Amino acid sequence: MSDQIRITLPDGSVREYPNGVTSLEIAMSISEGLARNVLAAKVNGTVQDATRPITTDSAVTLLTWNDTEGKATFWHSSAHLLAEALEELYPGIQFGIGPPIEKGFYYDVDLNGQHFSQEDFKKVEDKMLELARQKQEFVRQPISKAEAIAYFEKKGDPYKLDLLDRLDDGTITFYSQGNFTDLCRGPHIPHTGFIKAAKIMNVAGAYWRGDEKNKMLTRVYAVTFPKQKELDDYLFLLEEAKKRDHRKLGKELELFAFSEKVGAGLPLWLPKGTMLRERLENFLRKAQVRAGYQQVVTPHIGSKQLYVTSGHWEKYGEDSFKPILTPEPGEEFLLKPMNCPHHCEIYKTKPRSYRDLPLRLAEFGTVYRYEQSGELHGLTRVRGFTQDDAHIFCRPDQVKEEFIKVIDLVLYVFKSLGFEDYSAQISLRDPANKQKYIGSDELWEKAESAIIEASAERGLRTVTELGEAAFYGPKLDFMVRDALGRKWQLGTIQVDYNLPNRFELEYTGSDNQKYRPVMIHRAPFGSMERFIAILIENSGGNFPLWLSPDQIAVLPISEKYEDYANEVFLTLQENDIRGYNDLRDEKIGRKIRDSEINKVPFMLILGEKEQAEGRVSVRKKGVGDLGSMTIAEFIGFFQNEIKPAAQPAVL
RNA sequence: GCCGUUGUAGCUCAGGGGUAGAGCACUUCCUUGGUAAGGAAGAGGUCAGGGGUUCAAAUCCCCUCAACGGCUCCA
């Protein structure tokens, strides 16, 4: 073992240090300021404590608050601090897991019946900061499995024992700070003094190990920062994000509503929301015509037998809306939970030739699913919703090409609506849980490789998730985030070899033999409801001009100009410009304010001058006065403003 | 479905064992005003629904429903 080791820093420079040097000491040798900010270090690709000795030539990256891994370490250590504070305040509680998350961390605790709620947050925050000020060091201690078990048996923590059960002897470490010791792989920040601001965000129930058969623990969510100001900024941003919540804006802008009387999860689309929704549908219809789709319509209910055939009844029948009975004994119908079985039956209305394929059937199909009551969430999770659904029936040799075309369509839709922040997820079946799915291994492998190859061919950056497939086939899902960072699936493309089997779909090949087509299920928006929810949150209700429910507001200065206002408004309507004519007995300042609040893109202000000259005074929302124009000029100006999105580039 | 929180006027919210409150919105009247709130008056609530405790319940307790934050689920 040599006395000196060579440390390679991220800039490529190599320095020599005594064997056993710590990352913190390396930082110190560079600058004291850096050393004060080092939270952890990445040594040869592995994040570890900055205080651990390094004993071989290594590549070292010092991690601070500015690094994702630095933050994660900071929050992981904060979880231990939270646990320490909770244990001091609520002796005898037991601990589950306490990991960092995207924004902060949580700790799952079993309070054993003790009460913990919002009023107690401050107390815990203060305790955390009090302990943090003691600059308690995080001490790493490798320990044998037997000793570890003995420790938690003595302490009486069944959850830690459950965790230990799955760990191998020789890999187990404890971390201690102050009076708190936890089973933990680490790494941690050097000491608690880095934590200068703490905020408990909320508490929620969470099943132990995420299994609903297990006991529900109390999950305490919190976030910490190295500076108070960063916490203040974060809380401010959070408040700003809440203003974009589609449930709030949907009410304020009169887009949609819910009624207890109608039922939970059953949205009522108000006139303005319907306007928006129809614009989106027309936009997609046009794109689909260009892409060779044909529109179909199918009923809202179907014979139960249809879903027995498809497999949906067996898979979801238990927790769906119950079958609809008729005067005829034994006759049962289901509220349509999916459009695909109907479309399969459309396929079967006549013999199909290989020349007919691909056959692309599209429908804005409204479906009903009995979502769990606790899952309902604004427009993003509802019980009655409309899918921009389509099913492509194609030959096996056409699957990849068709799949790629659909990827292009989805990307085109996202791009047209300014959705840039999405992730593409390849959702495969869980190989350890095959009984959840229908169909043979062979067909699944074919379908999965089709998706993987098509995504690769389009250069899509994807993440792969096992166990996220549909029961009949794998999917490529396009995920986006809402205002508060929650992930939702919008667009989806699915390859399916199974339903064609179940419905015994066939086509005649060039050799006059019968073959089985492949189905691609796809929905670029996913559902109109969820897509519009995200659109509202992304835009904050400031929709692109072509989607705005009200594009203009005509605002006469006083009653005297009512006739002129009517004339202008009519001319605009004749030119397909929609909006309203504000003839209320209010001052102009008031009318402007109300239009601004309603997020109307353009206001046309009319008074004596405008009437005399046959002009309109144009005001742009959020910007102000644009000066006066003739009506014809405004129409030209408007059409130019709307152009980029109204006439999207041909696919 | 599970854990927790919440439910008062159309909206945002205050109140809280003893006759239900504010601002905005709404209606009427006055005002005819030039780029983000003109003035006055009026109307509007079985305090989510049901049950219980009490001389008395919007207020305390229980149940149901709904919403919110998570968990689980998501064709």
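Chain identifiers are assigned alphabetically (A, B, ...) following the order of the sequence lines, protein sequences preceding nucleic acid strands; residue numbering begins at 1 within each chain. Please read these numbers as outputs of a predicted model, since none were measured by experiment. Quick note: numbers below take in every heavy atom, side chains included, and nothing from hydrogens, waters or symmetry partners.
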Problem - Centroid-centroid under 6.0 Å between A/Phe116 and A/Phe121 rings - result: yes
Practice task
Give a yes/no on whether any side-chain N or O of A/Lys251 is located under 4.0 angstrom from OP1 or OP2 of B/rU12.
Solution key: yes
Handout entry: Validation row, ring centre A/His343 to ring centre A/Phe393 under 6.0 Å
Key = no
Handout entry: Complement of B/rG34, any strand, by Watson-Crick or G-U distances under 3.5 angstrom
Key = none
Handout entry: A/Tyr347 ring center near A/His391 ring center (under 6.0 Å)
Key = no
Exercise for the section: Tell me whether the OP1 or OP2 atom of B/rG69 has a side-chain N or O from A/His377 closer than 4.0 Å. Expected result: yes
Exercise for the section: Could you tell me which nucleotide pairs with B/rC68 by Watson-Crick or G-U wobble geometry, both distances under 3.5 Å, or answer none if nothing does? Expected result: B/rG4
Exercise for the section: Could you tell me whether A/Arg383 contacts a base, only the sugar-phosphate backbone, or nothing, with contacts defined as non-hydrogen atoms closer than 4.0 Å? Expected result: nothing
Exercise for the section: Pick base, sugar-phosphate or nothing for A/Tyr221, based on heavy-atom distances below 4.0 Å to the nucleic acid. Expected result: sugar-phosphate
Problem - Closest nucleotide among B/rA37, B/rG38, B/rU35 to the A/Glu586 side chain - result: B/rG38
Handout entry: Sugar-phosphate only, base, or nothing, as touched by A/Gly210 at under 4.0 Å among non-hydrogen atoms
Key = sugar-phosphate
Practice task
Kindly assign one of parallel, tilted or perpendicular to the pair A/Trp208 and A/Tyr159, based on the angle between their ring planes and the thresholds 30° and 60°.
Solution key: perpendicular
Practice task
Classify the nucleic acid contact of A/Gln118 as base, sugar-phosphate or nothing, counting any heavy atom under 4.0 Å across all strands shown.
Solution key: nothing
Completion exercise
Ranking B/rG70, B/rG34, B/rC11 by distance to the side chain of A/Met216, first place goes to B/rG70
Handout entry: Sugar-phosphate, base or nothing in reach of A/Gly607, heavy atoms under 4.0 Å
Key = base
Handout entry: A/Ser117 side chain near B/rG4 phosphate (N/O to OP1/OP2, under 4.0 Å)
Key = no
Exercise for the section: Could you check which of B/rU35, B/rA67, B/rA66 has an atom nearest any side-chain atom of A/Leu376? Expected result: B/rA67
Exercise for the section: Could you check which of B/rU35, B/rG70, B/rC74 has an atom nearest any side-chain atom of A/Ile588? Expected result: B/rU35
Exercise for the section: Using only side-chain N and O atoms of A/Arg219, determine if any of them is under 4.0 Å from OP1 or OP2 of B/rG4. Expected result: no
Practice task
State the pairing partner of B/rC29; accept Watson-Crick or G-U wobble contacts with both distances under 3.5 Å, and report none otherwise.
Solution key: B/rG39
Completion exercise
Whole-Å distance, A/Arg593 CZ to B/rG34 C1', equals 18 Å
Problem - Side chain of A/Tyr316 - closest among B/rG34, B/rG1, B/rA75 - result: B/rA75
Problem - Pair A/Ser117, A/His115: side-chain N/O donor-acceptor within cut-off below 3.5 Å - result: yes
Handout entry: Interatomic distance, A/His521 NE2 vs B/rC74 P [rounded to whole Å]
Key = 17 Å
Practice task
Would you say whether A/Tyr472 stacks on B/rA75? The test is a distance between ring centres of less than 5.5 Å and an angle between planes of less than 30°.
Solution key: no
Exercise for the section: Could you tell me whether A/Glu610 contacts a base, only the sugar-phosphate backbone, or nothing, with contacts defined as non-hydrogen atoms closer than 4.0 Å? Expected result: base
Exercise for the section: Could you please name the option among B/rG33, B/rG34, B/rC68 that lies closest to any side-chain atom of A/Arg247? Expected result: B/rC68
Fill in the blank from the handout: Looking only at B/rG33, B/rC73, B/rA75, the nucleotide nearest the A/Glu559 side chain is B/rG33
Handout entry: Gap in Å between the two P atoms, one belonging to B/rC29 and one to B/rA22, rounded
Key = 24 Å
Practice task
Could you work out which one of B/rA75, B/rG1, B/rG33 sits closest to the side chain of A/Pro337?
Solution key: B/rA75
Practice task
Determine whether the side chains of A/Ser595 and A/Tyr580 contain a donor N or O and an acceptor N or O closer than 3.5 Å.
Solution key: yes
Exercise for the section: Under 4.0 Å between any heavy atoms, over every strand shown, what does A/Ser595 touch: base, sugar-phosphate, or nothing? Just pick one. Expected result: nothing
Handout entry: OP1 or OP2 of B/rG34 under 4.0 Å from side-chain N/O of A/Arg619
Key = no
Problem - Side chain of A/Asp625 - closest among B/rU35, B/rG33, B/rG1 - result: B/rU35
Exercise for the section: Look at all strands and tell whether A/Ala206 reaches a base, only sugar-phosphate, or nothing, counting heavy atoms closer than 4.0 Å. Expected result: sugar-phosphate
Exercise for the section: Give one of base, sugar-phosphate or nothing for A/Ile605, where a contact means two heavy atoms less than 4.0 Å apart. Expected result: base
Fill in the blank from the handout: B/rA20 -> Watson-Crick or G-U wobble partner, both distances under 3.5 Å, gives none
Practice task
Could you check whether A/Gly473 gets within reach of a base, just the sugar-phosphate, or nothing at all, counting any heavy atom under 4.0 Å?
Solution key: nothing
Practice task
Searching all strands shown, indicate the nucleotide that pairs with B/rA57 (Watson-Crick or G-U wobble; both distances under 3.5 Å).
Solution key: none
Practice task
For the residue pair A/Asn566 and A/Asn581, confirm or rule out a side-chain donor-acceptor distance under 3.5 Å.
Solution key: yes
Problem - Nearest-neighbour nucleotide for the A/Lys609 side chain, B/rC73, B/rG34, B/rU32 considered - result: B/rG34
Fill in the blank from the handout: A/Asn214 atom CG is separated from B/rG70 atom P, nearest whole Å, by 22 Å
